[in-house]
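Step one of this worksheet: look at the structure below.
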Amino acid sequence: MKGQPASPQTDRGLVDLLYQLADDELVIGHRASEWTGVAPHIEEDVAFSSIAQDEVSHAALFYRLLADLGEGGGDPDRIAFGRPPEAFRNAILLEQLNGDWADEIARHFLYSEYEAVLLPRLERSPHRPLAEAARLIAREESYHRAHFRRWLERLAQAGGEARGRIQRSLRRAYWLAAGLFEPGPAEEETVRWRGCSIDDLRKEWDQAVIRYCAALDLVLPTGSPGVPDEVPDPLGGRRGVHSPAMRALVDELTQVYRLDPSATW
Amino acid sequence: MHGRQAKATPEPGVRAVWEALREVVDPEIPVVSVVDLGMVQEVTIDPDEAAVRVELLPTFLGCPALGLIRQAIVDRLQQLPQVARVDVEIVYDPPWSTDRISEEGRRKLAQFGISPPRRCGSMPVPSNGSSTPTASATSTASKSVHTSHASTRSAASTGSALCPFCGSDNTRLDNGFGPTPCRSIWYCLDCRNPFEQMKSL
């Protein structure tokens with residue numbers, strides 16, 4: 001470690017990392033909640049409601065850590081609901097409109113594998129509140145990962161249309177998932193709070209997902225040319241550049257808060 | 001888990017606080033108290049200020065009952081004589097685990113119809129049932145997936161749950177998620193009842 005580390009309050013690298021973590025969870029949690037009532041069967045309505053509840057609570061914990069560092073005037077709600085879309089740091093994969101069931105399984109599978117490589121790093125973060133939060137969140141996320149692995153297997157092994165669709169969805173989601181690994185504006189400082197470089201994290205994640213998919217004969221478009229036009233480069237979420245879906249999402253998410261930001265709940 | 005209190009000089013006040021906390025129940029599973037659940041990490045009393053401080057460990061992070069529980073603790077402890085102030089502090093270290101649930105708590109859960117959680121134990125690497133493909137997977141899949149994730153810690157390994165109605169372990173997981181963040185849904189293949197299990201954490 002070079003030089004004297006900045007104190008947590010002033011370290012943009014830490015604040016930036018916490019925004020990425022919190023916004024990822026809030027946005028995917030919101031999208032998960034939109035499956036309630038329209039999932040393919042009732043057990044999945046239950047599962048997605050529960051997963052949404054978990055993700056939003058993880059976001060709330062990260063927003064609390066940000067508030068403790070003085071963000072949003074110390075008010076987690078203001079951070080979560082008082083920002084315009086361009087202030088969000090979530091990866092754009094997570095804000096995409098809900099597609100079909102295969103799209104959702106592909107997206108959640110890739111995201112839960114991302115959390116599975118990231119959270120163990122964060123458990124050793126020099127920012128102790130982050131390390132403690134990561135330890136709690138990792139245990140809950142392991143249930144999500146198990147769920148999405150089971151679904152991925154189920155669709156892949158079903159053959160026919162299910163297999164074709166999950167293969168297609170996985171390909172598209174994989175391209176967008178690259179946005180999880182784009183550096184934020186303070187990446188140089190973020191590295192020490194995360195405990196590894198974003199490139200190392202990507203390698204670890206790639207290894208895990210490629211291996212898991214290969215075991216199911218699913219092919220990921222690694223290193224292959226032909227990224228579709230609809231996938232922007234860079235993807236942008238980590239620097240506040242989002243897809244059109246994000247504005248509507250934030251509008252809806254913040255609707256109640258904006259009615260009266262000073263209200264207490 | 002409450003060793004610190006047990007070992008401390010037995011102040012009558014502390015004992016009375018613990019007794020009172022045994023009456024504060026989980027609003028979603030009203031047969032178990034916060035003490036049964038192992039949610040209370042520490043009780044300290046400042047005799048000069050007549051102030052009680054309770055360290056409370058949250059269970060599942062998305063549990064909406066936490067606010068209610070916190071308020072119920074304040075309300076109950078304020079009924080104690082000579083208590084002027086109650087502070088309930090939410091702490092995350094040590095992390096709460098279902099292993100903190102007392103034997104009595106486990107018994108009460110089962111009587112309520114909820115299969116108690118499997119013990120996580122202190123094993124650094126719990127079994128990785130979650131990363132094992134289902135029985136229909138090819139053997140290649142199962143081998144490869146096993147090696148790639150054998151070292152990954154996972155609370156989500158499914159194992160099997162004991163039916164709280166007939167005690168059978170011939171049961172099947174129907175949904176890893178249930179009506180609350182802490183429960184999963186199972187089916188007993190012997191007595192043909194659906195039931196819930198508290199997830200291990």
Side-chain angles (χ1 to χ4, degrees), chain A residues 29 41-61 64 113 116-117 119-120 123 128-129 131-150 152-154 156-158 207-218 265, chain B residues 57-64 66-67 90-98 120 126 128-149 151-158 173-185 187 194 196 199-201:
Chain A
H41 72 133
I42 192 166
E43 295 299 352
E44 285 308 308
D45 280 349
V46 173
F48 264 77
S49 306
S50 193
I51 288 166
Q53 198 175 344
D54 289 343
E55 303 296 30
V56 171
S57 75
H58 301 166
L61 182 49
R64 160 54 55 200
E113 296 295 329
V117 293
L119 289 167
E123 287 180 48
R128 200 171 156 213
E132 288 174 6
R135 188 168 55 174
L136 295 171
I137 291 170
R139 302 184 307 176
E140 300 186 5
E141 292 294 348
S142 69
Y143 283 97
H144 300 187
R145 187 172 64 147
H147 190 69
F148 293 111
R149 283 182 168 191
R150 273 197 293 272
L152 192 76
E153 285 162 27
R154 205 168 152 185
Q157 289 164 0
Q207 209 173 18
V209 300
I210 291 168
R211 199 180 258 183
Y212 200 86
C213 289
L216 297 165
D217 285 323
L218 293 170
W265 295 84
Chain B
L57 306 178
T59 59
F60 283 71
L61 292 167
C63 179
L66 187 63
I90 308 290
V91 294
Y92 297 101
D93 186 36
W96 179 82
S97 158
T98 41
C120 306
N128 63 330
S130 67
S131 57
T132 312
T134 49
S136 57
T138 63
S139 60
T140 341
S142 117
K143 205 187 295 171
S144 154
V145 168
H146 250 302
T147 41
S148 65
H149 297 286
S151 64
T152 308
R153 193 184 46 152
S154 167
S157 52
T158 47
L173 177 69
D174 268 1
N175 193 343
F177 299 89
T180 68
C182 62
R183 297 187 235 173
S184 53
I185 300 173
Y187 185 73
E196 293 170 3
K199 294 183 199 170
S200 303
L201 207 62

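So you know, we letter chains A, B, ... as the sequences are listed, proteins then strands, and number each from 1.
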What part of [X] is in contact with chain B, defined as an atom under 4.5 angstrom from a non-hydrogen atom: side chain, backbone, both or neither?
X        : answer
A/Glu132 : side chain
A/Ile137 : both
A/Leu136 : both

Handout entry: Which of A/Ile51, A/Asp217, A/Val117 touches chain B most, by non-hydrogen pairs under 4.5 Å
Key =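 When all of A/Ile51, A/Asp217, A/Val117 are compared, A/Ile51 has the most.
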Exercise for the section: Flag the one option from A/Leu61, A/Val56, A/Asp54 with the top tally of heavy-atom pairs under 4.5 Å to chain B. Expected result: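 Most heavy-atom pairs within the cutoff with chain B belong to A/Leu61.
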Exercise for the section: Output the distance between atom CG (A/Leu216) and atom CZ (A/Arg149), rounded to the nearest 0.5 Å. Expected result: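 The distance works out to 10.0 Å.
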Practice task
Tell me, please, which residues at least two apart from B/Asp93 pass salt bridge (charged side-chain N to carboxylate O under 4.0 Å, His left out).
Solution key: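 Testing B/Asp93 for salt bridge (charged side-chain N to carboxylate O under 4.0 Å, His left out), a comparison that skips the adjacent residues, returns A/Arg128, A/Arg135.
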Practice task
With sequence neighbours excluded, tell me which residues meet salt bridge (charged side-chain N to carboxylate O under 4.0 Å, His left out) with B/Glu196.
Solution key: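 Salt bridge (charged side-chain N to carboxylate O under 4.0 Å, His left out) list for B/Glu196, sorted by chain: B/Arg183.
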Problem - Flag side-chain contact, heavy atom, 4.5 Å: B/Pro58 against B/Trp96 - result: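 Not in contact.
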Practice task
Please examine the side chains of A/Leu152 and A/Cys213, heavy atoms only from C-beta on, and report whether any two atoms are closer than 4.5 Å.
Solution key: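 A/Cys213 vs A/Leu152: side chains touch.
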Problem - Contact origin within B/Ser97 toward chain A - heavy atom pairs under 4.5 Å - result: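 Both parts, heavy atoms under 4.5 Å.
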